[in-house]
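Okay, structure first, notes after.
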Amino acid sequence: EVQLQASGGGLVQPGGSLTLACTITGFTFDDYAVGWFRQAPGKEREAVSCISSRDENRYYSDSVKGRFTMSTENGVNTVHLRMNNLKPEDTAVYYCAVQGIIIRAAAFCHRNWQDYRGQGTLVTVSS
């Protein structure tokens, strides 16, 4: 059984930083795409960043480009999202998703569905 668990959320002041982690267990695909998504209250889900095992380019949404950095550890066992210069509009529940698939990172982020998705972690940016 594939399980994903996100952690690291919390309350941070504008301009501050947080690092989220997603631990993935039971995932055995050699080819994969993994991503961070977020959803703010009353808003649509937004893709934040994605990585694909078959794509050297990482995808970042325009709203986080230059501020957020996504990385993986031990294949896709652990996925991090380093968030710098946080803004109030970054407030949302962040969750990770993964799928055994050959696809470009940007395309994975823009899909309406990912096979495996974890519970989210709340990030609140407020003074």
Side-chain angles (χ1 to χ4, degrees):
E1 179 186 5
V2 179
Q3 293 186 327
L4 299 86
Q5 180 63 55
S7 61
L11 174 63
V12 62
Q13 292 187 342
S17 298
L18 277 176
T19 298
L20 306 183
C22 175
T23 302
I24 302 174
T25 58
F27 187 80
T28 59
F29 292 90
D30 292 330
D31 293 307
Y32 61 84
V34 61
W36 284 98
F37 301 81
R38 68 186 182 185
Q39 188 161 19
K43 294 190 176 181
E44 295 288 323
R45 185 187 82 152
E46 177 187 8
V48 175
S49 180
C50 290
I51 289 175
S52 168
S53 61
R54 292 295 195 100
D55 187 354
E56 63 182 12
N57 298 308
R58 298 179 182 185
Y59 170 83
Y60 294 96
S61 67
D62 288 342
S63 59
V64 308
K65 198 173 296 182
R67 300 187 297 122
F68 290 13
T69 303
M70 182 177 177
S71 61
T72 61
E73 183 180 336
N74 294 327
V76 72
N77 288 349
T78 306
V79 183
H80 294 100
L81 185 69
R82 174 66 177 177
M83 306 184 294
N84 293 327
N85 189 23
L86 283 160
K87 304 175 181 181
E89 52 263 41
D90 294 318
T91 295
V93 174
Y94 287 71
Y95 63 93
C96 52
V98 69
Q99 187 167 345
I101 190 172
I102 297 175
I103 192 172
R104 292 193 180 275
F108 182 72
C109 259
H110 291 131
R111 284 167 65 92
N112 291 326
W113 177 259
Q114 290 78 30
D115 280 354
Y116 304 104
R117 164 185 161 174
Q119 297 293 327
T121 184
L122 176 63
V123 173
T124 303
V125 185
S126 175
S127 55

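Since this is a predicted model, take the numbers as computed values, not measurements.
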Can you tell me how far [atom2] of [Y] sits from [atom1] of [X], rounded to the nearest 0.5 angstrom?
X   : Y    : atom1 : atom2 : result
Q5  : T23  : CD    : OG1   : 7.5 Å
T19 : N84  : OG1   : CG    : 7.5 Å
T72 : R58  : OG1   : CZ    : 6.0 Å
H80 : S49  : NE2   : OG    : 13.5 Å
L86 : T124 : CG    : OG1   : 10.5 Å

Can you give me the closest heavy-atom contact between [X] and [Y], atom names plus distance?
X    : Y    : result
S53  : D30  : OG-O, 4.0 Å
V64  : R38  : CG1-NH1, 3.9 Å
Y94  : L81  : CD2-CD2, 4.2 Å
V93  : G120 : CG1-CA, 3.7 Å
Q119 : A6   : O-CB, 3.5 Å
F108 : C50  : CD2-SG, 3.7 Å

Take D90 and K87 through the test salt bridge (Lys or Arg N to Asp or Glu O under 4.0 Å) and record every step on the way to the result. CA-CA 5 Å; D90 294 318; K87 304 175 181 181; over 6 Å; no
Parallel, tilted or perpendicular: which one describes the rings of Y116 and F29, with boundaries at 30° and 60°? tilted
Tell me whether [X] shares a hydrophobic cluster with [Y], the cluster being built from Ile, Leu, Val, Met, Phe, Trp, Tyr side chains joined at under 4.5 Å.
X    : Y    : value
V48  : F37  : no
M83  : Y59  : no
L4   : W36  : yes
I101 : I24  : no
F27  : I103 : no

Whether over 12 other heavy atoms sit under 6.0 Å from R104 CZ: no
Other residues, nucleotides and ligands only: do more than 12 of their heavy atoms fall within 6.0 Å of CZ on R54? no
With no hydrogens and no angle check, is any side-chain donor or acceptor of D55 less than 3.5 Å from a backbone partner on A105? yes
Taking K43's backbone N and O only, do any of them form a donor-acceptor pair with Q39's side chain (distance below 3.5 Å, no angle check)? yes
Flag for S61-S63: side-chain donor and acceptor within less than 3.5 Å: yes
Show your working on side-chain contact (heavy atoms from CB on, under 4.5 Å) between V12 and S17 and close with a plain yes or no. CA-CA 7 Å; V12 62; S17 298; over 6 Å; no
Test: R117 cationic atom under 6.0 Å from Y95 six-membered ring centre, within 45° of axis: yes
